[in-house]
Amino acid sequence: MKRLLYIFMMLTALSCTVAESEVSVIPQPQSLKVSSGSLDVSGASFWIDEGVPAQAVSAIGLFMDEVPDSGMSQSRAKSLFRFVSNPDLAEDAYEISVNRRRVRISASSFNGFLYAIQTLRQVLNEDMTVRCMKVKDAPRFGYRGMHLDSARHFWSVDQVKKYLDIMALHKMNRFHWHLTDDQGWRVEIKKYPLLTEVGSKRKGTVLGKGWYVIEYDNIPYEGFYTQEQIREIVSYAASKGIEIIPEIDLPGHMLAALASYPSLGCTGRGYEVWGRWGVSADVLCVGKEETFEFIENVLLEIMDLFPGKYIHIGGDECPKARWKECPACKARMKELGLEGEDAAVQLQAYVTDRVETFLAAHGRSIIGWDEILAGDISKSATIMSWRGTDGGIAASRAGHDVIMTPNSYCYLDYYQSRRIQDEPFAIGGFVDVRKVYSFEPFTSEMTPEQKSHILGVQANLWTEYIKTPEHLEYMLLPRMSALSEVQWCSPENRDYDRFLDKMTRMVDLYRKMGFNFARHIFEVSPVIGVDESLGCPQVTLTTQGDAPMYYTLDGSEPSVCSIPYTGPVSVGDSDVFKAIVDRDDIETKVYCQHFTRHKAVGKPITMNTKPAPYYSAGLPQSLVNGVLNEDEDAAAGEWMAWRGEPVDVVIDMGGESYSKVSVRTFVSKWEDMYAPLGLSAYVSDDNESFVEIASEEYEIEQERVPDGVKTYDLDFPDTSARYLKVVVRTVPALPSWSERLGKPAYLFLDEIKVE
Ligand code: ACM
Ligand code: ZN
């Protein structure tokens, strides 16, 4: 009997895990318990209790339209879907209970019911059945945001609404809308009609990337939202439980306003709406009272349009050069008693505080980018930490509320694949789905008090290089799905493999709702190491779910008849590896990797200095795995970067003879990526005492020398010393013509060739 009971218990436990994995909800609910049986809901009758908020009643009505032949019930007892108000549940929390006869949904707020409906949408099967289950759910963070830049490229009312639909699917509740910038003013302000007549138009848009040398498309570009359209979007967002936080970026990023009203600038003339990207030196003149009058009048209309608590006042990337020369700004600094190096920084803090006081008098609170922490500002400002998390951590220590949006995890304009030759052109960087998913806004050093200041997490979508809705959605999905679990779930309730499994169901919803999405997680995901015993590159593949993968080593196109992938593949002498995933429902690309051969490929390598954490994509072996990057972008392939110290590596050549070392580097001076200042090779037989066998020094590359991939060689008499040390000297301080004079430069490397 005991034995039988044991078997029964095992079976129940098993059926439970199987059943739970059949029910797929993103973001993962706090508690989801699936039991046996299911309920057919086609033709269901709906009952809504009196206590349910009126806004929720309309949302329930929309959901009812998705259930075929459904309708309102005259009797609570006979209804199948029962929506019940439960004031004991927290704001945003909800519960769903499904048994073989009915579905009971309870919440205390409009948003709680909305989130319950989103969960129902995800658990409703194609055949209109729902598994029996109990869901108890509530979010980890109250602020779950997404940002959209409508200034660099303009998004129509319908496109913005679709963006809000994608947010709603993921139970997000704050839309940060970047409405003004150097490249366009996009919101109608009745008191200042030129802001849109002049400021919403640019003569053309820059082609490609660059700072010192640029080219334009010369195609006029324009667009703005009328106040009526803004109100329509605000109301649409509210119906989805989303509050809009408008951003009027000041006192920098204001060129479109200066082009419209030149007297707002320090020099007062010569302004044009920018067609290029970057940070403009021309900013608002904050010495003049006229400027504050302008800011306040604009914000009065903004507050009238956007009823939410927060107004974002930007504050990022505000160069101080003009203020330091401007008589009005200098007089203002003097009047405020601001002196020395820090004076202009404190002048920005004066602006921040003045605007904060004005908005507070109207019952609103400010959010600003983490740059505003540089000055002494009021604790009531909420800080948006974008340059990593350090600003957010410091702000929470100082008592500010914080929204974490670090570029290294949350910038969805960055590349999401290292194979950028297959990607639409992007600003750079690298943030894949896994990276987004791995973000944890709390650190182990934070006190409970600090943690209480972290309001939540947001991802940003800057649109310099994004022009079409398809591209926009491609950048959002599935990274937004990953973000939603960071925002909603506690760390214990996050599991990347489970998340990937759930994506099978999620892409059905994307398709149903007409959203474009990126397919990388469904393709092969490669890591290229080396097989030291065979002295050759070795490829390890993974992919979402259990789809089979196949590969070839002879250059032929892989198919289901090729070699099935079962584990790491040593490529031997082959110079190309190709692989596919076999999926019925999702089209994926063929993966193709070429290899170059030289004497260090597959040799053991040790790094005496480490690459910068953000640019250490590959393994140490990446420098000797025969992979040369095909793209000229720091985000691509396996570039590694050293900064502030030389590259210093030792390769165990194992007794082979050699007479040449080449290092392959990528130079992009406007991004602080410089060519080396020197290259030296040393040899040793004991890995302790090394002797120099060749060395070269190079001049620092000048501004106008073309950037790109460059190779530096050292030739020396044939040697078969076992250990080869290669040292590449980096630029310790950026030259005078650089924006960031004095900071150390990066040195990028992808391979150290030995011949
Ligand atoms: C920013 O990305 N400049 C906030
Ligand atoms: Zn000025």
Side-chain angles (χ1 to χ4, degrees), residues 145-152 176-183 245 247-255 257-258 261-271 274 277-295 312-336 338 343-344 347-348 350-352 367-374 382-392 395 402-414 426-429 431 458-466 739:
M146 274 303 298
H147 150 289
L148 175 66
D149 172 9
S150 279
R152 274 54 176 269
H176 169 179
W177 201 4
H178 189 78
L179 285 165
T180 64
D181 215 305
D182 297 317
Q183 297 81 5
I245 298 166
E247 181 184 354
I248 302 298
D249 200 347
L250 62 91
H253 289 281
M254 267 285 171
L255 206 45
L258 299 189
Y261 296 95
S263 64
L264 295 172
C266 290
T267 60
R269 62 193 149 79
Y271 308 121
W274 247 13
W277 319 127
V279 176
S280 155
D282 286 304
V283 303
L284 286 177
C285 173
V286 296
K288 300 176 192 162
E289 270 310 290
E290 176 197 347
T291 302
F292 289 93
E293 207 179 292
F294 168 81
I295 294 173
H312 200 304
I313 61 159
D316 59 324
E317 302 173 323
C318 178
K320 312 288 189 291
R322 297 287 184 265
W323 294 352
K324 290 178 184 167
E325 302 297 322
C326 166
C329 288
K330 285 198 285 194
R332 175 81 74 187
M333 287 188 263
K334 192 161 177 217
E335 168 202 322
L336 295 170
L338 304 176
L347 183 59
Q348 185 177 342
Y350 163 78
V351 178
T352 307
I367 302 181
W369 297 110
D370 59 49
E371 281 93 334
I372 68 171
L373 277 175
T382 297
I383 304 299
M384 201 166 254
S385 187
W386 73 278
R387 297 174 300 175
T389 53
D390 289 353
V402 171
I403 295 148
M404 287 293 196
T405 171
N407 50 1
S408 43
Y409 294 88
C410 297
Y411 268 39
L412 303 190
D413 55 334
Y414 287 12
I427 196 163
V431 171
Q458 171 178 296
N460 297 339
L461 193 62
W462 300 102
T463 59
E464 285 94 334
Y465 300 95
I466 305 172
E739 298 263 300

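In each ligand, atom 1 is the first atom listed, and ligand 1 is the first ligand listed.
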- Query: Has ligand 1 got any nitrogen or oxygen that is less than 3.5 angstrom from a nitrogen or oxygen of Tyr411?
  - Reply: yes

- Message: Under a 3.5 Å distance rule, please check whether Gln348 uses its side chain to pair with a backbone N or O of Gly315 as donor and acceptor.
- Response: yes

- Say whether, by atom type as modelled, one donor and one acceptor occur between the side chain of Asp182 and the main chain of Met254 under 3.5 angstrom. yes

- Message: So if I count the atoms of ligand 1 from 1 in the order they appear, which ones are less than 4.0 Å from some heavy atom of Glu317?
- Response: 3 (N)

- Task: Using atom types as modelled and distance alone, determine if a side-chain donor or acceptor of Thr463 lies under 3.5 Å from a backbone N or O of Asp149.
- Result: yes

- Query: What atoms of ligand 1 come closer than 4.0 angstrom to any heavy atom of Trp462?
  - Reply: 1 (C), 2 (O), 4 (C)

- With atoms numbered from 1 as shown, which atoms in ligand 1 lie under 4.0 angstrom from a non-hydrogen atom of Asp316? 1 (C), 3 (N), 4 (C)

- Message: Can you see whether Trp277 engages Gln183 through a side-chain donor-acceptor pair at a distance of less than 3.5 angstrom?
- Response: no

- Task: Nearest 10° is fine: what angle sits at the Zn ion (ligand 2) between SG from Cys266 and SG from Cys329?
- Result: 110°

- Quick one: does Thr180's side chain have a donor or acceptor within less than 3.5 Å of a partner on Asp249's backbone? yes

